[in-house]
A.B. asks: 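This is the structure I have questions about; it appears just below.
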Amino acid sequence: LCPNATWSLLGRTFADVSSIGNWPTAMFINSNNTVAVVNRDNESLLIWRNDSISPTHVIQTNLSGGLSLFLSDDEEIFVAYRAPNRRVDR
């Protein structure tokens, strides 16, 4: 943890186990403050745009093998997979 990190008093909880599941496998926040999380429990990708408390997009897909997630500023999604695939999908 950064020694001069601070917690925003204006922060709010937008995700919990009911939305992202017990074992979310990847999370990414882009420079537009858009948050993307892979929910392994129900095989979906959830996306929250800045200031949303509910997902603005829920994409049903099998990303359970996804190891890393990248969301560009124009919301292109890239997922890196672990073995045996070892590939990046867009």
Side-chain angles (χ1 to χ4, degrees):
L1 194 57
C2 179
N4 57 352
T6 60
W7 186 263
S8 172
L9 297 176
L10 303 175
R12 61 184 159 188
T13 301
F14 64 92
D16 61 15
V17 71
S18 67
S19 61
I20 62 173
N22 289 306
W23 307 104
T25 56
M27 176 186 229
F28 191 84
I29 304 169
N30 70 12
S31 62
N32 296 328
N33 290 325
T34 300
V35 177
V37 178
V38 173
N39 180 330
R40 189 170 58 176
D41 293 349
N42 68 8
E43 298 181 345
S44 62
L45 173 67
L46 294 94
I47 299 174
W48 289 263
R49 289 210 171 110
N50 189 22
D51 290 328
S52 298
I53 58 171
S54 298
T56 53
H57 300 295
V58 177
I59 302 167
Q60 296 299 318
T61 185
N62 184 6
L63 295 175
S64 61
L67 181 63
S68 297
L69 177 67
F70 176 80
L71 182 69
S72 68
D73 289 343
D74 59 354
E75 296 188 14
E76 284 187 282
I77 302 163
F78 299 85
V79 180
Y81 290 88
R82 59 182 146 234
N85 300 327
R86 294 192 173 120
R87 69 178 197 266
V88 176
D89 287 346
R90 180 176 126 185

A.B. asks: For the CG atom of Asn30 and the CD atom of Glu76, what is their distance to the nearest 0.5 Å?
C.D. replies: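 The distance works out to 12.0 Å.
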A.B. asks: With a 3.5 Å cut-off and no angle check, do the side chains of Thr34 and Asn32 form a donor-acceptor pair?
C.D. replies: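 There is no such pair between these side chains.
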A.B. asks: Exactly one of Leu69, Val79, Ile47 should register a side-chain contact (heavy atoms from CB on, under 4.5 Å) with Phe28. Which one does?
C.D. replies: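 Only match with Phe28 under side-chain contact (heavy atoms from CB on, under 4.5 Å): Leu69.
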A.B. asks: Apart from Ile20 itself, what residues make up its hydrophobic cluster, given side-chain heavy atom links below 4.5 Å?
C.D. replies: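 Phe14, Met27, Ile29, Val35, Val37, Leu46, Trp48, Val58, which link up through side-chain heavy atoms under 4.5 Å apart, make up the rest of the cluster.
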A.B. asks: For Thr13, give me all partners under side chain to side chain donor-acceptor pair (under 3.5 Å), at least two apart in sequence or on another chain.
C.D. replies: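 Not a single residue meets the side chain to side chain donor-acceptor pair (under 3.5 Å) criterion with Thr13.
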A.B. asks: Rounded to the nearest 0.5 Å, what separates atom CD in Glu75 from atom NE2 in His57?
C.D. replies: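 Rounded to the nearest 0.5 Å, the CD-NE2 separation comes out at 5.0 Å.
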A.B. asks: To the closest 0.5 Å, what do you measure between CZ (Phe78) and OG (Ser68)?
C.D. replies: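 One finds 13.5 Å between CZ of Phe78 and OG of Ser68.
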A.B. asks: Can you name the side chain to side chain donor-acceptor pair (under 3.5 Å) partners of Ser31, sequence neighbours left out?
C.D. replies: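 Ser31 satisfies side chain to side chain donor-acceptor pair (under 3.5 Å) with Asp73 once adjacent residues are dropped.
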A.B. asks: I need the Ile59 CD1 to Asn39 CG distance, nearest 0.5 Å.
C.D. replies: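 Result: 13.0 Å between the selected atoms.
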A.B. asks: Mind checking salt bridge (Lys or Arg N to Asp or Glu O under 4.0 Å) for Asp51 and listing every partner two or more places apart, or none if nothing turns up?
C.D. replies: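 Only Arg12 meet the salt bridge (Lys or Arg N to Asp or Glu O under 4.0 Å) criterion with Asp51.
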A.B. asks: Go through the structure and list residues passing side chain to side chain donor-acceptor pair (under 3.5 Å) with Ser52, not counting sequence neighbours.
C.D. replies: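 Ser52 satisfies side chain to side chain donor-acceptor pair (under 3.5 Å) with no residue once adjacent residues are dropped.
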A.B. asks: The criterion is side chain to side chain donor-acceptor pair (under 3.5 Å); which residues satisfy it with Gln60, sequence neighbours excluded?
C.D. replies: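 Scan of Gln60 (side chain to side chain donor-acceptor pair (under 3.5 Å), adjacent residues dropped) gives none.
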A.B. asks: If you round to the nearest 0.5 Å, how far is OG of Ser19 from CG of Asn42?
C.D. replies: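 Between Asn42 CG and Ser19 OG, I get 9.5 Å after rounding to 0.5 Å.
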A.B. asks: Measure the CG-CH2 distance between Asp41 and Trp23 for me, rounded to the nearest 0.5 Å.
C.D. replies: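 The CG atom of Asp41 sits 9.5 Å away from the CH2 atom of Trp23.
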